[in-house]
Amino acid sequence: MTDDLTIAHDSFKQFERDKFSLVAQKYDQAIATVTSQVNEAILDAVGAKSGLRLLDVACGTGWLSAAALKREAIVTGLDYVENMVAIAMRCPQASFHNGDAENLPFESGQFEAVVCSLGILHFPNPERAIAESFRVLKPGGRYAFTCWTPPTCNPFMALILGSVQTYGSMDLDLPPGPPLFRFGERGECERALIAEGFTEVSVTELPMNWTFSTPDDVMAKVVVSTARLGTILAMQTPEQERNIKNAIIDGASKYATDSGVEIPASVMLAVGYKP
Ligand SMILES: C[S@@+](CC[C@H](N)C(=O)[O-])C[C@H]1O[C@@H](n2cnc3c(N)ncnc32)[C@H](O)[C@@H]1O
């Protein structure tokens, strides 16, 4: 890795750490309820069951870990952000650690399953994170990760990013980070898993919904509870922000239901087996 890449890598990691640290509480209230919609599918994919030693990488506030505990798995969670880990610790039956997905503080071959829900798009070196998950897995174990699908097949992402592209700017002074939707592409998931030694690779698209009380809530909720998306919205000029907000309200109104607003989205679930 060259010095420039190292600097970019470190500055992106620091950006992510600072942002997730700020939004941890709101993330728990607003976003973990969305990401949790695919938790059972992730746990099914790795065969989570009673007594299985499972590691939850980038565990956030611990909702996937909690779902694995309900299946009586022996759960370890890890996240880079202390404020996230502090909230996750409300589940005393799991063991939570503050650490880096790209440098896991665990012995090789220690886990029978490793899961990582919507973490991979936040790692500046995702190949290294996949290799680390492979290392800590016992032969015969399974690894599963999820990533948002791109706006072309994800109405929620199309609404947010499309509104920014039309009424604002994506040319912002942000540390360069990995592409948000790289692993929302089937071929990228397959290539990355096979390159690190996984076999029996499968990739499945899973639907979910982002839910809001009213169309007016959408932008504010995204700004206060996400890292990169929220920062992209928050860095617009006041005029751009007004126009983006109106476009989001307009688009979100089309998804109004009797009980609120439900905007469809989806994630790719990628699974590999360690021979
Ligand atoms: C979108 S959240 C996903 C949280 C949780 N898995 C879920 O599904 O709700 C991404 C998480 O990745 C964590 N994260 C970002 N970079 C990380 C790294 N290098 N190592 C470990 N965790 C990291 C963040 O702190 C954040 O909790």
Side-chain angles (χ1 to χ4, degrees), residues 1-13 16 35 38 41-48 52-60 64 76-80 99-154 157 175-206 227-228 266-275:
M1 192 182 271
T2 69
D3 281 351
D4 278 358
L5 274 177
T6 307
I7 292 164
H9 183 282
D10 290 350
S11 61
F12 179 74
K13 247 189 195 173
E16 287 277 309
T35 60
V38 294
I42 296 170
L43 295 176
D44 285 345
V46 296
L52 186 97
R53 279 175 289 134
L54 177 142
L55 172 65
D56 180 7
V57 175
C59 64
L64 179 56
T76 302
L78 172 132
D79 200 279
Y80 202 41
D100 186 355
E102 296 177 2
N103 191 13
L104 292 173
F106 305 114
E107 301 279 315
S108 301
Q110 205 180 314
F111 298 99
E112 290 151 321
V114 178
V115 292
C116 178
S117 186
L118 296 162
I120 196 108
L121 60 153
H122 299 285
F123 309 148
N125 189 344
E127 283 82 4
R128 178 152 172 91
I130 295 172
E132 276 291 270
S133 289
F134 186 88
R135 180 182 67 75
V136 301
L137 258 181
K138 193 174 159 183
R142 284 189 196 276
Y143 172 54
F145 70 77
T146 57
C147 179
W148 298 113
T149 57
T152 43
C153 50
N154 185 327
M157 291 297 172
L180 270 172
F181 303 110
R182 172 177 169 197
F183 293 104
E185 305 283 351
R186 199 174 291 278
E188 276 300 298
C189 296
E190 288 167 353
R191 267 193 295 283
L193 286 174
I194 291 166
E196 299 306 333
F198 286 103
T199 62
E200 298 181 27
V201 169
S202 68
V203 183
T204 318
E205 187 175 348
L206 303 174
R228 240 189 306 180
S266 64
V267 297
M268 237 17 135
L269 168 65
V271 188
Y273 173 80
K274 177 169 177 175

Quick check for you: to the nearest 0.5 Å, what is the distance between [X] atom [atom1] and [Y] atom [atom2]?
| X | Y | atom1 | atom2 | value |
| --- | --- | --- | --- | --- |
| Phe123 | His9 | CZ | NE2 | 10.5 Å |
| Leu54 | Leu64 | CG | CG | 7.0 Å |
| Arg182 | Met268 | CZ | CE | 14.0 Å |
| Met157 | Thr152 | CE | OG1 | 12.0 Å |
| His122 | Cys116 | NE2 | SG | 9.0 Å |
| Thr76 | Phe111 | OG1 | CZ | 4.0 Å |

Donor-acceptor pair, side chain of [X] and main chain of [Y], under 3.5 angstrom:
| X | Y | value |
| --- | --- | --- |
| Thr146 | Leu118 | yes |
| Glu188 | Glu185 | no |
| Arg128 | Asn103 | no |
| Glu112 | Arg53 | yes |
| Glu196 | Phe134 | no |

Would you name the heavy atoms of [X] and [Y] that are closest together and state the gap between them?
| X | Y | value |
| --- | --- | --- |
| Leu78 | Gly99 | CD2-O, 3.5 Å |
| Ile42 | Ala144 | CG2-CB, 4.2 Å |
| Pro275 | Gly197 | CD-O, 3.5 Å |
| Lys274 | Phe198 | N-CD2, 4.0 Å |
| Pro126 | Glu102 | N-OE2, 4.5 Å |

Notebook entry, point to check: With sequence neighbours excluded, what pairs up with Glu205 under the salt bridge (charged side-chain N to carboxylate O under 4.0 Å, His left out) test?
Noted result: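 Per chain and number, Glu205 pairs via salt bridge (charged side-chain N to carboxylate O under 4.0 Å, His left out) with no residue.
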Margin query: In the structure I gave you, are the side-chain heavy atoms of Phe106 and Val114 within less than 4.5 Å of one another anywhere?
Written below: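 No, side chains not in contact.
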Check: Would a 4.5 Å heavy-atom cut-off, applied to side chains only, mark Arg228 and Phe12 as touching?
Finding: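 The answer is yes; the side chains approach within 4.5 Å.
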Check: ring-ring contact (aromatic ring centres under 6.0 Å, His included) with Phe181: which residues, sequence neighbours excluded?
Finding: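 Expected list: none.
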Mind checking side chain to side chain contact (heavy atoms under 4.5 Å, CB included) for [X] and listing every partner two or more places apart, or none if nothing turns up?
| X | value |
| --- | --- |
| Arg135 | Leu104, Ser108, Glu132 |
| Pro176 | Ala8 |
| Cys147 | Ile120, Leu121, Phe183 |
| Ala270 | Phe145, Cys189, Leu193, Val203 |

